[in-house]
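Following: one structure in C-alpha cells, then a few remarks.
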Amino acid sequence: MGHFIKWDNAEKTVVFQTYTDTPVKDDLYYLAKESAAMLGSVLHTVHLIIDESNAKLNLNSADMKFLEKNVPPNQGAVIMIVNKNDATYKKLLQGIGKTVAPTAFGQPYFAASIEAARELLQKDFGVHYP
C-alpha cells in the first residue's frame, strides 16, 4: 500500500492523509473511501490535510467524479502539501477539478509543509492542536 491516513488532532476535526512509496490510483480511491468513513463517524466539520509531496498521480475526469461521489457533507477545507515544483500543475488540476467535481475541489488550499498546513487551519478555521 502506498498510503497512510489518521486523525490529526484529538478533537477529530482534521484528517491527515499521505502517500508513501510509489502511490497508484487504488491508493487514491482507498483514501477517498476511508476518509469518507472517518468523516461519517462524527457530526462536525472535518478538514483534510493531504500530503501529495511524494505523489505524481494524474487525475482524469473519472477519478474526479469518483472523488465527488465520496465527499461527505461535513468535509471542510482541503489543504494539499505539494512540492514547489508541482504547485503550478496542482493548481491547474484544481481548476479543472472545480468544473468536473465542484464539491470535491471546492475549498482547496496549498501548503509547503504539514506545519504550514496546521498553522493555516488554526489561523483560518479555528482548529485546535495540543
Side-chain angles (χ1 to χ4, degrees):
M1 284 197 218
H3 59 266
F4 177 77
I5 186 169
K6 68 172 185 147
W7 290 106
D8 199 46
N9 64 354
E11 294 177 350
K12 295 186 176 182
T13 58
V14 181
V15 168
F16 175 74
Q17 304 174 23
T18 188
Y19 292 98
T20 60
D21 304 321
T22 304
V24 295
K25 291 275 179 97
D26 286 344
D27 294 305
L28 170 77
Y29 285 72
Y30 176 86
L31 285 174
K33 288 179 185 177
E34 184 66 18
S35 178
M38 292 172 75
L39 271 66
S41 72
V42 297
L43 298 175
H44 54 265
T45 299
V46 178
H47 308 287
L48 305 179
I49 298 175
I50 305 173
D51 184 353
E52 295 185 345
S53 57
N54 294 322
K56 299 283 186 196
L57 293 175
N58 293 316
L59 303 184
N60 59 37
S61 62
D63 300 328
M64 292 176 185
K65 288 177 184 174
F66 176 84
L67 294 174
E68 183 75 1
K69 285 187 219 173
N70 284 280
V71 175
N74 62 329
Q75 181 174 301
V78 178
I79 296 88
M80 288 163 286
I81 301 170
V82 298
N83 286 324
K84 191 174 185 178
N85 296 338
D86 296 332
T88 301
Y89 170 74
K90 295 287 186 176
K91 288 178 183 177
L92 176 67
L93 189 61
Q94 287 296 314
I96 295 167
K98 282 185 181 183
T99 61
V100 176
T103 306
F105 291 82
Q107 285 194 65
Y109 296 86
F110 295 93
S113 67
I114 189 167
E115 294 81 13
R118 288 175 177 153
E119 284 178 28
L120 185 142
L121 287 171
Q122 290 176 59
K123 181 178 160 252
D124 292 356
F125 297 96
V127 170
H128 298 281
Y129 282 96

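Heavy atoms only: backbone and side chains are in, while hydrogens, waters and symmetry mates are out.
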**Report entry** Hphob cluster co-occupancy, V71 + V100, side-chain heavy atoms under 4.5 angstrom
**Finding:** no
Query - Any V42 side-chain heavy atom under 4.5 Å of W7 side chain - result: yes
Query - Minimum heavy-atom distance D51-S53, with the two atoms named - result: OD1-OG, 2.5 Å
Query raised in the report: When hydrophobic residues are tied together by side-chain contacts of less than 4.5 Å, even through go-betweens, does Y30 share a cluster with F16?
Result: no
Requested in this report: Could you give me the CA-CA distance, side-chain angles and deciding distance for L28 and Y19, then say whether side chain to side chain contact (heavy atoms under 4.5 Å, CB included) is met?
Outcome: CA-CA 9 Å; L28 170 77; Y19 292 98; 3.4 Å; yes
Query raised in the report: What's the verdict on side chain to side chain contact (heavy atoms under 4.5 Å, CB included) for K12 and M38, showing C-alpha distance, side-chain angles and the deciding distance?
Result: CA-CA 9 Å; K12 295 186 176 182; M38 292 172 75; over 6 Å; no
Query raised in the report: For the atom pair CD (Q75) and NE2 (H47), what is the distance rounded to the nearest 0.5 Å?
Result: 10.0 Å
Report task. Ignoring hydrogens and angles, tell me if any N or O in the side chain of E68 forms a donor-acceptor pair with the backbone of A104 under 3.5 Å. Result -> yes
Report summary line: Minimal heavy-atom distance between A101 and M64, with the atoms involved, is CB-O, 3.3 Å
Query raised in the report: Would you say the side chain of V15 lies within less than 4.5 Å of the side chain of I5, judging by non-hydrogen atoms?
Result: yes
Report task. Please report the C-alpha distance between L121 and D8 in whole Å, then the side-chain angles of each, then the deciding distance to 0.1 Å, and finally whether the side chain to side chain contact (heavy atoms under 4.5 Å, CB included) criterion is met. Result -> CA-CA 11 Å; L121 287 171; D8 199 46; 5.9 Å; no
Requested in this report: Report yes or no: do M80 and F4 belong to one cluster of Ile/Leu/Val/Met/Phe/Trp/Tyr joined by side chain heavy-atom distances under 4.5 Å?
Outcome: no
Report task. Work out which heavy atom in N74 is nearest to a heavy atom in H44; give both atom names and the distance. Result -> ND2-O, 2.8 Å
Query raised in the report: Do Y109 and I96 share a hydrophobic cluster (ILVMFWY, side-chain heavy atoms under 4.5 Å, transitive)?
Result: no
**Report entry** Sidechain-backbone polar pair: N9 side chain, H128 backbone, donor-acceptor under 3.5 Å
**Finding:** yes
**Report entry** Nearest non-hydrogen partners of A36 and P72, listed with the distance
**Finding:** CA-CG, 3.7 Å
**Report entry** Sub-4.5 Å side-chain heavy-atom contact between F66 and K33
**Finding:** yes
Requested in this report: For the residue pair I81 and I114, establish whether any side-chain heavy-atom pair is separated by less than 4.5 Å.
Outcome: yes
Query raised in the report: Okay, side chain of T13, backbone of V46: is any donor-acceptor separation there less than 3.5 Å?
Result: no
Requested in this report: Verify the cluster assignment for L39 and Y29: are they in a single hydrophobic cluster under the rule of side-chain heavy atoms below 4.5 Å apart?
Outcome: yes
Query - Heavy-atom check, side chain of V14 versus side chain of I79, under 4.5 Å - result: no
**Report entry** Within-4.5 Å side-chain heavy-atom neighbours: F105 and L67
**Finding:** yes
Report task. State the CG-CD distance between D124 and E119, to the nearest 0.5 angstrom. Result -> 11.0 Å
Report task. Could you list the residues that satisfy salt bridge (charged side-chain N to carboxylate O under 4.0 Å, His left out) with K25, not counting sequence neighbours? Result -> D63
Requested in this report: Given side chain to side chain contact (heavy atoms under 4.5 Å, CB included), test I50 with V78 step by step and report yes or no.
Outcome: CA-CA 7 Å; I50 305 173; V78 178; 3.7 Å; yes
Requested in this report: Identify the heavy atoms of K98 and G106 that sit nearest to each other, and give their distance.
Outcome: CE-O, 4.3 Å
